[in-house]
Amino acid sequence: MNIAELKQTIKKLSAEYLAEFIAIRRHLHQHPELSMEEVETAAFIASKLDEYHIPYQKGIAKTGIIATIEGKNPSLKTIALRADMDALPITEINKTEYTSANPGVMHACGHDVHIASLLGTAKILNGMKQQFSGSIRLIFQPSEEKFPGGAFMMINEGVLKNPEPANIIAQHVLSSLDVGKIGVHSGKYMASTDEIYLTVKGKGGHGATPELNVDPVVIAAHIIIALQQIVSRNASPVIPTVLSFGKIAANGRTNIIPDEVIIEGTIRTFDEKWRAEAHQKITKMAQSIAEGMGGSCNVFIDNGYPYLINNEALTNRIQAYAIDYLGKENVEQLDLRMAAEDFAYYSQQIPASLYRLGIRNESKGIVANAHTSTFDVDEQCLETGIGFMAWIAINELNQ
């Protein structure tokens, strides 16, 4: 087939397979599993790979799977396609035929779409393997939502070796992007993310006699306000930085000042040098304020995912493939995002690109943001997701 015929074949198969992969997505949505608990999800993926006669290895980083599709001259070039598998600890309140059957667990970030889409892409590519040269490595990855991240663990277990892929590509749903569209961003795209844990210690006692106590609640309040200066007065305006605190726990009562206060938050940015400096500033400032007020502060900053960089040459090619496959009007340039993704670990190792799949449809009321209890997708997105990733793979291997 020539390239035009390949594109039409992929579009035809994506439409024909849509109902099958909507059913797969609904099964996955109804049976979500938390990070590193994706046992049944992995078994389901393996059953589909068996059905499609695609060889695979399982048990990578506990629940991860690596599958391989070999075209002509399989050693000529290898590319990798990745989908994440885990769900979130959220109780779904949607009322659909595929609402989560696991209480308190929900695919609220679209990983069910990612799995179904990659399986659909695999089915198409496996049936067209005489139409490309090289090999495709399919990575079904656990634990994107939880440190240290399944990408980190799979890399440590050799997912990028024997041979090293020329590049790795992933798609991720985006609730602000209309269904039928693709979004791209070249260069630095998603922030590093570190978790901050502060334990402010004082001397508790009766709320009516504060002069006899060292109040950790007041100290904690001063620390939280003061630390905002790290962003407003220290961060360079050309390096986006976010510092947020989402948990404060002071186990006292209206008339009891506790002995300690727990504070938890996150800092996110796009520069490794500044990232390290910010950690030092947080530590020094929090400890100094606490000591100056008669208490102490233990600081632990857990280094999380690095920032995600979309390789410019690869991302520019993906944008060109998208324009060819979907039309220029359905390809959008995206802004930087302060959210994080463990796909960043791959991007620090080999050329990588994560693009966005539109899922929004206001006419159907599908507008909820990710990580919410009402999150859902317009399942028509699967036709785009399945076909476009197959189109990328064909082009990358035949260029």
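Please read all numbers here as calculations on a predicted model, not as lab measurements. In this chain, residues are counted from 1 in sequence order. Below, all heavy atoms of this structure are taken into account, side chains as well, without hydrogens, waters or symmetry copies.
Closest approach of Val331 to Gly327, counting heavy atoms only: CG2-O, 3.6 Å. Of all non-hydrogen atoms in Leu308 and Glu341, the two that sit nearest each other are CD1-CB, 3.9 Å. Taking every heavy atom of both residues into account, Val105 and Pro32 meet most closely at O-CG, 3.3 Å. Residues Met154 and Pro142 approach most closely at SD-CD, 3.8 Å, considering heavy atoms. Residues Ser373 and Thr91 come closest through the heavy atom pair CB-O, 3.2 Å. When all heavy atoms are compared, the tightest approach of Leu198 to Leu227 is CD1-CD1, 4.1 Å.
Salt bridge present: Asp378 and Lys364 bring a charged side-chain N and a carboxylate O closer than 4.0 Å. Electrostatic pairing of Arg356 and Glu332 does not count as a salt bridge here, judged by no charged N lying under 4.0 Å from a carboxylate O. A salt bridge is absent between Glu277 and Lys281; no separation between the charged side-chain nitrogens and carboxylate oxygens falls under 4.0 Å. Look at Asp84 and Lys146 and you find no salt bridge, because none of the NZ, NE, NH1 or NH2 atoms lies under 4.0 Å from a carboxylate O.
Between the side chain of Gln348 and the backbone N or O of Tyr307 there is at least one donor-acceptor pair closer than 3.5 Å. Checking side-chain atoms of Ser135 against main-chain N and O of Pro74 turns up a donor-acceptor pair under 3.5 Å. A donor-acceptor contact shorter than 3.5 Å links the side chain of Thr121 to the backbone of Ile386. Of the possible polar contacts, one joining the Asn94 side chain to the Phe375 backbone as a donor-acceptor pair under 3.5 Å is found. With Glu195 contributing its side chain and Asp302 its backbone, the two residues share no donor-acceptor pair below 3.5 Å. Remark: side-chain polar atoms of Lys77 are paired, donor with acceptor, to backbone N or O of Glu396 under 3.5 angstrom. For Trp274 (side chain) and Ala235 (main-chain N/O), no donor-acceptor pair under 3.5 Å exists by modelled atom type. Checked by atom type and distance alone, the side chain of Ser192 never pairs as donor or acceptor with a backbone atom of Phe270 at under 3.5 Å. Within the 3.5 Å criterion, the main-chain N or O of Met36 finds a donor-acceptor partner in the side chain of Glu38. Looking only at distances, a side-chain donor or acceptor of Asn311 sits under 3.5 Å from a matching main-chain atom of Leu314.
Lys201 is listed as a side-chain neighbour of Glu260, based on a closest heavy-atom distance under 4.5 Å. Side chains of Ile263 and Ile196 form no contact here, defined as non-hydrogen atoms less than 4.5 Å apart. Within the 4.5 Å cutoff, side-chain heavy atoms of Pro163 are placed close to those of Arg137. With a 4.5 Å cut-off on side-chain heavy atoms, Asp50 and Tyr56 count as touching. No side-chain heavy atom of Lys129 sits less than 4.5 Å from a side-chain heavy atom of Lys72. Taking 4.5 Å as the limit, some side-chain heavy atom of Arg26 sits within range of a side-chain heavy atom of Glu379. With contacts defined as side-chain heavy-atom distances shorter than 4.5 Å, the pair Ile230/Thr241 does not qualify. Taking 4.5 Å as the limit, some side-chain heavy atom of Leu18 sits within range of a side-chain heavy atom of Gln380.
With sequence neighbours left out, Lys11 forms a salt bridge (charged side-chain N to carboxylate O under 4.0 Å, His left out) with no residue at all.
No continuous path of ILVMFWY side-chain contacts below 4.5 Å connects Ile169 to Leu174, so the two sit in separate hydrophobic clusters. The cluster map of Ile, Leu, Val, Met, Phe, Trp and Tyr, joined by side-chain heavy atoms under 4.5 Å apart, puts Ile168 and Leu118 in different clusters. Each of Ile139 and Tyr52 belongs to its own hydrophobic cluster when Ile, Leu, Val, Met, Phe, Trp and Tyr are linked at side-chain heavy-atom distances under 4.5 angstrom. Hydrophobic clustering, with ILVMFWY side chains joined whenever heavy atoms are under 4.5 angstrom apart, groups Ile3 together with Phe132. Residues Ile301 and Val231 share a hydrophobic cluster, clusters being chains of Ile/Leu/Val/Met/Phe/Trp/Tyr side chains in contact below 4.5 Å.
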>> Quick one, Leu397 with Ser133, criterion side chain to side chain contact (heavy atoms under 4.5 Å, CB included). Give me CA distance, side-chain angles, the key distance, then yes/no.
In response: CA-CA 6 Å; Leu397 289 173; Ser133 296; 5.9 Å; no
>> Before you tell me yes or no, could you show the steps for Val159 and Gln349 under side chain to side chain contact (heavy atoms under 4.5 Å, CB included), namely the whole-Å CA-CA distance, both residues' side-chain angles and the distance that decides it to 0.1 Å?
In response: CA-CA 11 Å; Val159 72; Gln349 300 286 323; over 6 Å; no
>> Run Thr384 and Val179 through side chain to side chain contact (heavy atoms under 4.5 Å, CB included) and show every step you take.
In response: CA-CA 8 Å; Thr384 303; Val179 67; 5.6 Å; no
> Does the pair Thr315 and Tyr189 meet the rule for a side chain to side chain contact (heavy atoms under 4.5 Å, CB included), with working shown?
Replying inline: CA-CA 11 Å; Thr315 304; Tyr189 176 45; over 6 Å; no
>> Would Asn102 and Ser100 count as a side chain to side chain donor-acceptor pair (under 3.5 Å) here? Give the steps.
In response: CA-CA 5 Å; Asn102 295 345; Ser100 172; 5.3 Å; no
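Taken to the nearest 0.5 Å, the OG atom of Ser244 stands 7.0 Å off from the CD atom of Gln228. Residue Asp342 holds its CG atom at 8.0 Å from CG of Asp86, rounded to the nearest 0.5 Å. In this structure, Arg360 CZ and Cys381 SG are separated by 14.0 Å, a value rounded to the nearest 0.5 Å. Rounded to the nearest 0.5 angstrom, Ile392 CD1 and Leu125 CG are separated by 10.5 Å. Rounded to the nearest 0.5 Å, atoms NE2 (His185) and CD1 (Ile309) are 9.5 Å apart. The line from OG of Ser186 to CD of Gln333 is 8.0 Å long, rounded to the nearest 0.5 Å.
Ring orientation note: the planes of Tyr345 and Phe152 are tilted relative to one another, at an angle of 30° to 60°. The aromatic rings of Phe147 and Tyr305 sit perpendicular, their planes meeting at an angle over 60°, well past the 30° parallel limit. Below 30°, between 30° and 60°, or above 60°: for His29 and Tyr98 the angle between ring planes is above 60°, a perpendicular geometry.
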Please tabulate, one pair per line, all N/O donor-acceptor pairs under 3.5 Å involving side-chain atoms of residues 41-48, not counting sequence neighbours.
{"residue": "Thr41", "atom": "OG1", "partner": "Glu33", "partner atom": "OE1", "Å": "2.7"}
{"residue": "Ser47", "atom": "OG", "partner": "Phe44", "partner atom": "O", "Å": "2.6"}
{"residue": "Lys48", "atom": "NZ", "partner": "Glu51", "partner atom": "OE1", "Å": "3.4"}

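Between the side chains of Ser175 and Asn369, a donor-acceptor pair is found at a separation under 3.5 Å. Side-chain contact, Tyr355 with Gln171: a donor N or O sits under 3.5 Å from an acceptor N or O. With no hydrogens or angles considered, no side-chain donor-acceptor pair links Asn298 and Thr199 at under 3.5 Å.
Applying the side chain to side chain contact (heavy atoms under 4.5 Å, CB included) test between Ile10 and each of Met128, Glu5, Gln131 identifies Met128 as the sole match. Evaluated for a side chain to side chain contact (heavy atoms under 4.5 Å, CB included) with Pro165, the options Ile79, Leu160, Leu81 yield exactly one hit, Leu160.
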